[in-house]
Amino acid sequence: MNLKNKTAVVTGAASGIGRALGVRLAQAGCRLALADIDVQGLAETADMILKSGGYASMHPVDMANRDQVYAFADSVNGHHGNIHVLVNNAGVTLTALIEEMEEADFEWVMNINFWGMVHATRAFLQNLKSTGKAHIVNVSSVFGLCGIPTQAAYNSSKFAIRGFTESLNQELRGTGVSASVVFPGGIRTNIARNGRFKSNSGLLKDKSDVIALHEKLSFTSADTAAKRIIKAILKEKKRALIGLDAYLFDIIQRLFPSGYQTLLTFLIAKRDHLLKVK
Ligand SMILES: NC(=O)c1ccc[n+]([C@@H]2O[C@H](COP(=O)([O-])OP(=O)(O)OC[C@H]3O[C@@H](n4cnc5c(N)ncnc54)[C@H](O)[C@@H]3O)[C@@H](O)[C@H]2O)c1
């Protein structure tokens, strides 16, 4: 793939990885269609791109709303014509034990992370195919490789993204469209701050505990993640790991496909001591 004078769609573009990706794709020569539910953050990202000489259209969209996602695709198709890159990046987290969580919170996560990705992929697929050469990136997580306590909803959505993308890739063989599933480790973004917390388990005390833990465990910048995703697009990689921690998760679950659970439970129990959080 070559990104000069191409059009790229990025969801979740108001913050973190999506914002960095929008900026980097514009620098690489793409025209951008940016989507997010956060209109102010979206305008800031678009402004960054316009000020550096790029072009971006802004699309306020709730990725959990099927009709809005299809209307977004119609609007982008009408405005931009052929689409070369689609990045399904919008995502949220929920920290809650399975026993304690509200179903509505579980659905909130699945509707954005999983169904948002499904609807956008299906809504843009005809356009991507008719472009001739195009690429889809679906953002999973290391929690799409390993399960972890309090993240069952997030784990479910991110494992599902992997399954969907691996199936999609095989179905797209010979069409000129390919797809990557990417597995970031800890990335310094607003993901923990934007997440929901519902737990009395004592495993994590409150939302500030989740934010502190995420900050301690995030070794990669959003910009580095964006550069890695662009590399995956250029090389049409079927899968990409982002950050050394992602490689570690990948190796651990390959070597100890069930034993990794014992290891993670041990590390979580010892985390205060190991990480000196609070
Ligand atoms: N930060 C990490 O450590 C990490 C690790 C692995 C995977 N990821 C994944 O990376 C992706 C990007 O997250 P981030 O870390 O940049 O977090 P972030 O919170 O900084 O950005 C996520 C963006 O998604 C948007 N969003 C949330 N709900 C939405 C909705 N209903 N409709 C449209 N947009 C919505 C938010 O407004 C925000 O701009 C997510 O899919 C996340 O699961 C992040």
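Atoms within a ligand are numbered from 1 in the order they appear, just like the ligands themselves.
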**Fill in**
Counting from 1 in the order shown, the ligand 1 atoms closer than 4.0 Å to a non-hydrogen atom of K158 are 40 (C), 41 (O), 42 (C), 43 (O)
**Request:** Under the side chain to side chain contact (heavy atoms under 4.5 Å, CB included) rule, what do E102 and W108 come out as? Steps first, then yes or no, please.
**Result:** CA-CA 10 Å; E102 303 287 335; W108 175 69; over 6 Å; no
**Request:** Distance to 0.1 Å, residue and atom name: give those for the protein heavy atom nearest to atom 29 (C) of ligand 1.
**Result:** I37 CG2, 3.7 Å
**Complete:** among protein heavy atoms, the one nearest atom 20 (O) of ligand 1 is S15 OG, 2.6 Å
**Asked** To the nearest 0.1 Å, how far is atom 15 (O) of ligand 1 from its closest protein heavy atom, and which atom is that?
**Response** T189 OG1, 2.6 Å
**Selected option - heavy-atom contact closest to atom 8 (N) of ligand 1, from Y154, F143, F72** = Y154
**Asked** Which of parallel (below 30°), tilted (30 to 60°) and perpendicular (above 60°) describes Y55 and H79?
**Response** parallel
**Complete:** closest protein heavy atom to atom 13 (O) of ligand 1 is I191 CD1, 3.7 Å
**Fill in**
dist I83:CD1 -> N127:CG (nearest 0.5 Å) comes out at 5.0 Å
**Request:** Could you tell me whether some N/O pair between N113 and ligand 1 is separated by less than 3.5 angstrom?
**Result:** no
**Message:** Check this for me: L255, atom CG, are more than 12 non-hydrogen atoms of other residues, nucleotides or ligands nearer than 6.0 Å?
**Reply:** yes
**Request:** Give the atoms of ligand 1, by number and element, whose distance to some non-hydrogen atom of A14 is under 4.0 Å.
**Result:** 39 (O)
**Asked** Which atoms of ligand 1 have any heavy atom of I17 under 4.0 Å away?
**Response** 10 (O), 16 (O)
**Asked** Any chance NZ of K6 has more than 12 other-residue heavy atoms, nucleotides or ligands included, within less than 6.0 Å?
**Response** yes
**Residue portion contacting ligand 1 (non-hydrogen atoms closer than 4.0 Å) for I112** = side chain
**Request:** Answer yes if the side chains of S208 and D206 hold a donor-acceptor pair under 3.5 Å, and no otherwise.
**Result:** yes
**Prompt:** Counting from 1, what ligand 1 atoms have a heavy atom of H214 closer than 4.0 Å?
**Reply:** 1 (N), 2 (C), 3 (O)
**Contact partition for A35 relative to ligand 1, non-hydrogen atoms under 4.0 Å** = neither
**Request:** Could you list which atoms of ligand 1 come closer than 4.0 Å to a heavy atom of G16?
**Result:** 16 (O), 20 (O)
**Prompt:** What is the nearest protein non-hydrogen atom to atom 22 (C) of ligand 1, stated with its residue, atom name and distance?
**Reply:** G91 O, 3.8 Å
**Asked** Would one find an N or O of V92, backbone or side chain, under 3.5 Å from an N or O of ligand 1?
**Response** no
**Request:** Could you tell me whether some N/O pair between S141 and ligand 1 is separated by less than 3.5 angstrom?
**Result:** no
**Message:** Between D38 and R19 (salt bridge meaning N to carboxylate O under 4.0 Å), is one present in this structure?
**Reply:** no
**Message:** Does any N or O of ligand 1 fall below 3.5 Å from an N or O anywhere on M63, backbone included?
**Reply:** yes
**Complete:** Note: ligand 1 atoms sitting under 4.0 Å from heavy atoms of V139 are 9 (C), 10 (O), 11 (C)
**Residue among K227, R228, K231 satisfying side chain to side chain contact (heavy atoms under 4.5 Å, CB included) with I242** = R228
**Request:** Enumerate the atoms of ligand 1 whose separation from the nearest heavy atom of G186 is less than 4.0 angstrom.
**Result:** 3 (O)
**Request:** Specify side chain, backbone, both or neither for R188, according to which of its non-hydrogen atoms lie closer than 4.0 Å to ligand 1.
**Result:** neither
**Item:** Aromatic ring proximity, centroids under 6.0 angstrom, F72 and F124
**Value:** yes
**Request:** Ignoring angles and geometry beyond distance, decide whether N194 reaches within less than 3.5 Å of ligand 1 through its nitrogen or oxygen atoms.
**Result:** yes
**Message:** Walk me through whether V87 and T11 qualify under side chain to side chain contact (heavy atoms under 4.5 Å, CB included).
**Reply:** CA-CA 6 Å; V87 185; T11 72; over 6 Å; no
**Message:** Tell me whether D36 has any N or O atom under 3.5 angstrom from an N or O of ligand 1.
**Reply:** yes
**Asked** A13 to ligand 1: N or O pair under 3.5 Å?
**Response** no
**Item:** Proximal atoms of ligand 1 relative to D62 (non-hydrogen, under 4.0 Å)
**Value:** 30 (C), 31 (N), 32 (N)
